[in-house]
Amino acid sequence: IAKIYTDKDVTLDIIKGKKIAVLGYGSQGRAWALNLRDSGLNVTVGLERQGKSWDQATADGFKPEKTEDAVKKADVVIFLVPDMAQRLVYRERVQPYLREGMDLVFAHGFNIHYRLIEPPKNVDVYMVAPKGPGPIVRDFYTKGGGVPVLVAVHQNYSGKAMEKALAIAKGLGGTRAGAIETTFKEETETDLIGEQTILVGGVMELMKSAFETLVEMGYQPEVAYFETINELKMIVDLIYDKGFMGMLRAVSDTAKYGGFTVGKHVINEETRRRIREAAEKVRSGKFAEEWIEEYGRGSPTLQKGMEDMDKSMEEQTGRRLKEIIERGKPKA
Ligand code: NDP
Ligand code: MG
Ligand code: MG
């Protein structure tokens, strides 16, 4: 059974006076910097260059500094630049300025688990991994809630690494929900498996397959979009609020019967075999190797994926329907 911590188990004190450098101001970086600051912690933002992030951080009331300047003054360094950029940022801007007793904090275990970053023995290395996108981490916090987080310790030089991980989790709002104790290995592997097979890859391809099939069969793209893409949010919201049973109670008996019989036909043993295959590829390190190689070549596959999706009929249809979708959203 997993160990889960909530607000009442955790105090911010251990991290309160410390200087925290948040490196990167993107999806997670902005959410962390703002939430930690609003929780009364001492945050500076460290960035590599002038540009969008620099301007956004400034607009949010931070005085961003060059990465190494933020690191030199920091007690706690949080890596919120893209996973593939972390190794170089570590090597060039962090490692030369490391002092005994500093903390290196990650939001995902990739670089530590696959040994792209190998910190010296005299620092703490721990992780607070939000189980949600950065903008949601911020949105939930400002509305009094919090996105659940995973916490893990890789290196415990001070003997207090877990206490500090939990304090940061609390500062983020994570313990308002719950912080689940895990390991770098478990977080890294499950995160990659989840995003590939369901959250990003699986769901996106399933929606695309259904949408494109309906359009090929001559149904109007607008009707197909509402059915196979837009409505998924409502179904997922029901599962989120009330579980599968809650969702099933809200849909028609016809939908339940069709769902039980046809779902297993579409997502079958072959699909499970492939989920397993993807998971094994993550576990063996083969996926990490492949992604590092792709990144080394300038991420051509990633870029092509973004371009193709941007031009796709589902995106075009979605943009056309944006106004209707916006108008229909609940107010307040
Ligand atoms: P982003 O892609 O949003 O990070 C962008 C930030 O990093 C920007 O400030 C950008 O600056 C800077 N940056 C981009 N490229 C480089 C580079 N080559 N060198 C230095 N800085 C760079 O990252 P995420 O927030 O998605 O991810 C951060 C960490 O959080 C990762 O470890 C990720 O796995 C983890 N995580 C992310 C989640 C998410 O919701 N996205 C969920 C849970 C964990 P500029 O504007 O100047 O380009
Ligand atoms: Mg994730
Ligand atoms: Mg991830």
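Starting from 1, each residue takes its place in the sequence as its number. Hydrogens, waters and symmetry mates are skipped; everything else that's a heavy atom, side chains included, is used. Order of appearance sets the numbers: ligands from 1, and atoms from 1 within every ligand.
Every atom of ligand 1 is numbered from 1 in the order shown, and the set under 4.0 Å from a heavy atom of Ala107 is 30 (O), 35 (C), 44 (C). Ligand-side atoms of ligand 1 in range of Gly132: 40 (O), 42 (C), range being under 4.0 angstrom from any heavy atom. Atoms of ligand 1 found under 4.0 Å from any heavy atom of Gly24, numbered from 1 in the order shown, are 9 (O). Near Gln86, with a cut-off below 4.0 Å to any heavy atom, the atoms of ligand 1 are 31 (C), 32 (O).
Here the protein heavy atom with the shortest distance to atom 31 (C) of ligand 1 is Asp83 OD1, 3.2 Å. With respect to atom 20 (C) of ligand 1, the closest heavy atom belonging to the protein is Glu48 CG, 3.3 Å. Protein heavy atom closest to atom 8 (C) of ligand 1, with residue, atom name and distance, is Ser53 OG, 3.1 Å. Nearest protein heavy-atom contact of atom 27 (O) of ligand 1 is Val81 O, 4.3 Å. In terms of protein heavy atoms, atom 17 (C) of ligand 1 is closest to Ala85 CB, 3.5 Å. If you check which protein heavy atom lies closest to atom 3 (O) of ligand 1, you get Ser27 N, 2.8 Å.
With no hydrogens or angles considered, no side-chain donor-acceptor pair links Thr182 and Glu187 at under 3.5 Å.
With ring centers used as reference points, Phe184 lies 6.0 Å or more from His113.
In summary, Arg327 and Glu323 engage in a salt bridge, as defined by a charged side-chain N under 4.0 Å from a carboxylate O. A salt bridge links Asp38 to Arg138: at least one charged side-chain nitrogen sits closer than 4.0 Å to a carboxylate oxygen. Ion pair Lys160/Asp124 not flagged as a salt bridge, since none of the NZ, NE, NH1 or NH2 atoms sits closer than 4.0 Å to an Asp/Glu carboxylate oxygen. Glu277 has no carboxylate O lying under 4.0 Å from a charged side-chain N of Lys281, or vice versa, which leaves the two without a salt bridge. With salt bridges taken as basic N to acidic carboxylate O contacts below 4.0 Å, none links Glu269 and Arg273. Ion pairing between a basic and an acidic side chain is recognised when a charged N comes within 4.0 Å of a carboxylate O; Asp69 and Lys72 show such pairing.
Residue Thr67 does not touch ligand 1, judged by heavy-atom distances below 4.0 Å. With a 4.0 Å heavy-atom cut-off, ligand 1 is reached by no atom of Lys131.
Compare Glu92, Arg87, Gln28 by their heavy atoms: the one nearest to atom 39 (C) of ligand 1 is in Gln28. Here atom 13 (N) of ligand 1 lies nearest to Pro82 when heavy atoms of Pro133, Gly51, Pro82 are compared. If you check each of Met84, Lys52, Arg49 against atom 48 (O) of ligand 1, the one with the closest non-hydrogen atom is Arg49. Among Pro135, Pro130, Gly26, Gly134, the residue whose heavy atom sits closest to atom 5 (C) of ligand 1 is Gly26.
Within Glu195, the N, O or S atom at minimum distance from the Mg ion (ligand 3) carries the name OE1.
No continuous path of ILVMFWY side-chain contacts below 4.5 Å connects Phe110 to Val149, so the two sit in separate hydrophobic clusters.
In terms of polar-atom proximity, defined here as any N/O pair under 3.5 Å, Tyr295 makes no such contact with ligand 1. Residue-to-ligand polar distances place Tyr25 within reach of ligand 1: an N/O pair is separated by less than 3.5 Å.
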* What do the steps show when you test Tyr225 against Glu314 for side chain to side chain donor-acceptor pair (under 3.5 Å), and what is the final call? -> CA-CA 7 Å; Tyr225 190 90; Glu314 30 282 78; over 6 Å; no
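By the 30° and 60° cut-offs, the orientation of the rings of Tyr25 relative to Phe62 is perpendicular.
Note on Asp191: counted as a metal contact of the Mg ion (ligand 3), an N/O/S atom lying under 2.8 Å.
Note that OH of Tyr141 and CG of Leu172 are 9.0 Å apart. Values are rounded to the nearest 0.5 Å.
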